[in-house]
Amino acid sequence: PILLRPSPDSCMRIIGIRYSASKQYVPLTDTGFCLGCTLPINNGYEKPGDCLVVDFETEIFIGTAMLRIKNIDKSLSKSHDNEDE
């Protein structure tokens, strides 16, 4: 999987990582993610509400980011549901 990391000392604080349809943060133990070290990138084949989003805060604003790779081959998607073909 591809991960993105915030710039060190950028004053960006990761509040939490959650599914887009949820307000509860994903427990990060044993996930490969941690607050401030790696951010998830979605593949575009997640079911509605199942993409991971990152709530963050900087000195200037608070926001939510959803990162996605564009034009990924459907055969590479782990979350692809074969019943939809």
Side-chain angles (χ1 to χ4, degrees):
I2 296 176
L3 301 171
L4 184 66
R5 182 175 183 207
S7 299
D9 301 321
S10 65
C11 297
M12 178 177 161
R13 182 176 77 87
I14 303 298
I15 299 167
I17 297 171
R18 61 182 173 83
Y19 290 101
S20 59
S22 176
K23 293 188 186 278
Q24 294 182 329
Y25 294 112
V26 176
L28 300 175
T29 307
D30 299 324
T31 62
F33 305 115
C34 65
L35 294 180
C37 50
T38 54
L39 306 177
I41 299 179
N42 298 283
N43 63 24
Y45 291 106
E46 296 79 15
K47 293 178 183 175
D50 281 353
C51 63
L52 290 169
V53 297
V54 179
D55 291 334
F56 67 95
E57 180 177 16
T58 70
E59 293 178 343
I60 301 172
F61 63 92
I62 296 173
T64 299
M66 192 278 293
L67 306 170
R68 180 178 63 86
I69 296 176
K70 164 176 148 170
N71 299 326
I72 190 168
D73 186 311
K74 204 176 226 185
S75 67
L76 298 175
S77 169
K78 285 186 178 180
S79 64
H80 173 61
D81 185 2
N82 291 328
E83 294 175 7
D84 291 342
E85 292 187 53

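Residues take their numbers from the sequence shown, with the count starting at 1.
Cluster membership check: I69 shares its hydrophobic cluster with L67, using side-chain heavy-atom separations under 4.5 Å among Ile, Leu, Val, Met, Phe, Trp and Tyr. By the criterion of side-chain heavy atoms lying less than 4.5 angstrom apart, applied directly or through intervening Ile, Leu, Val, Met, Phe, Trp or Tyr residues, Y25 is not grouped with V53; the two fall into different hydrophobic clusters.
By the 4.5 Å heavy-atom criterion applied to side chains, L52 and N42 are counted as neighbours.
To the nearest 0.5 angstrom, Y19 atom OH is 9.5 Å from E46 atom CD.
By the salt bridge (charged side-chain N to carboxylate O under 4.0 Å, His left out) test, D50 pairs with no residue at all, sequence neighbours left out. With sequence neighbours excluded, the residues that form a salt bridge (charged side-chain N to carboxylate O under 4.0 Å, His left out) with R13 are E57. Under the side-chain contact (heavy atoms from CB on, under 4.5 Å) criterion, T58 pairs with M12, F56, I60, F61, sequence neighbours left out.
In terms of heavy atoms, Q24 sits closest to R18 at O-CB, 3.2 Å.
Legend: side chain to side chain donor-acceptor pair (under 3.5 Å) pairs involving residues 59-69, not counting sequence neighbours, sorted by first then second residue: D55-T64.
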